[in-house]
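Here's the structure, in structure tokens; my notes come after.
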Amino acid sequence: MPAIPTKERSIVLIGLMGSGKSTVGRELSRATGLPLLDTDQVIEEQVGMDIPHIFAKQGEAHFRALETALLTYLRDTPEYRIAHVISTGGGIILRPENREILRSLGLVVWLDVDLPNLLARTARAQNRPLLRGLDRERRLRELITSRSPLYEQTAHFRINSSELKVGQVVDAILQQTTFLGA
Ligand code: S3P
């Protein structure tokens with residue numbers, strides 16, 4: 001699918017909970033000067049509830065519908081047709097239409113982090129309903145298995161960022177964006 005020219009320079013971060021999308025997104029935004037848009041944060045502001053409450057009161061299916069509505073809005077609204085750094089919720093790739101929209105928004109980067117590092121980084125996962133009160137290791141293992149193919153097919157490129165510092169991840173992404181003129 002041809003990219004929308006004015007959106008070619010957005011950088012979209014995808015990956016599992018704990019993969020560092022928010023932290024890397026903030027640093028990338030600083031490094032590039034591009035405005036940061038965090039889909040979880042926008043949804044929380046729209047609904048007026050945090051993610052755990054949205055899941056508890058409205059259910060995961062409703063949250064997924066909100067993600068699709070937001071992506072559709074970003075794609076179709078002229079004022080958002082400027083380059084952004086977009087960090088996303090880990091499950092945003094579950095719906096096929098989301099995967100297509102994400103790729104149309106810009107360069108999609110998969111932050112791929114291994115299980116031990118995900119476990120360490122989600123150790124205080126209070127704000128993550130999908131990891132709450134469960135065997136976190138088993139759950140993350142399941143998510144890696146079920147979602148990796150979806151991240152793979154959505155991303156333009158993957159960074160194995162398990163052992164990388166934030167600055168190294170940012171540098172790796174910036175190298176990939178030079179051809180876009182970002
Ligand atoms: C989710 C990841 C979360 C948030 C929600 C669901 C998921 O975002 O969107 O709790 O399905 O993996 P982060 O990946 O930023 O934690």
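Indexing begins at 1, ligand by ligand and atom by atom, following the structure's order. Keep in mind that what you see is a predicted model, and the values were worked out from it rather than measured.
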Reported CG-to-CD1 distance for the pair Leu107 and Ile86, which is rounded to 0.5 angstrom: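 Those atoms lie 11.0 Å apart.
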
Spacing of CG belonging to Leu28 relative to OG belonging to Ser87, to within rounding of 0.5 Å: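 Reported value, rounded in 0.5 Å steps: 9.5 Å.
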
NE2 (His53) with more than 12 external heavy atoms under 6.0 Å: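 No - once you tally the heavy atoms of other residues, nucleotides and ligands closer than 6.0 Å, there are 12 at most.
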
Top protein contact for atom 5 (C) of ligand 1, by heavy-atom distance: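 Its nearest protein heavy-atom neighbour is Ile51 CG2, 3.8 Å.
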
Heavy-atom nearest neighbour in the protein, as seen from atom 16 (O) of ligand 1, with distance rounded to 0.1 Å: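 Sorting protein heavy atoms by distance from atom 16 (O) of ligand 1 puts Arg128 NE, 2.7 Å first.
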
Sub-4.0 Å heavy-atom contact, Arg64 with ligand 1: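 It does, in that a heavy atom of Arg64 comes within the 4.0 Å cut-off of ligand 1.
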
Sub-4.0 Å heavy-atom contact, Glu60 with ligand 1: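 So Glu60 does not count as touching ligand 1.
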
Residue portion contacting ligand 1 (non-hydrogen atoms closer than 4.0 Å) for Ile92: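 Neither part.
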
Based purely on interatomic distance, does [X] place a nitrogen or oxygen under 3.5 Å from a nitrogen or oxygen of ligand 1?
X	result
Glu67	no
Arg147	yes
Lys21	yes

Heavy-atom donor-acceptor pair, Ser19 side chain to Leu16 backbone, under 3.5 Å: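 Yes; judged by distance alone, with no hydrogens or angles, the pair exists.
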
Those atoms of ligand 1 less than 4.0 Å from some heavy atom in [X]:
X	result
Leu130	7 (C), 11 (O)
Pro129	10 (O)
Asp40	3 (C), 4 (C), 8 (O), 9 (O), 13 (P), 15 (O)
Phe63	9 (O)

Smallest separation among heavy atoms of Val169 and Ser161, with atom names: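 Residues Val169 and Ser161, closest heavy atoms: CG2-CB, 3.7 Å.
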
Thr122-Arg136 side chain donor-acceptor pair, cut-off 3.5 Å: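 On atom types as modelled, these side chains qualify, holding a pair under 3.5 Å.
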
Close side-chain approach of Trp110 and Leu150, heavy atoms under 4.5 Å: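 Trp110 vs Leu150: side chains apart.
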
Close side-chain approach of Leu130 to Glu60, heavy-atom, < 4.5 Å: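 A side-chain contact exists here, since the closest heavy-atom pair is under 4.5 Å.
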
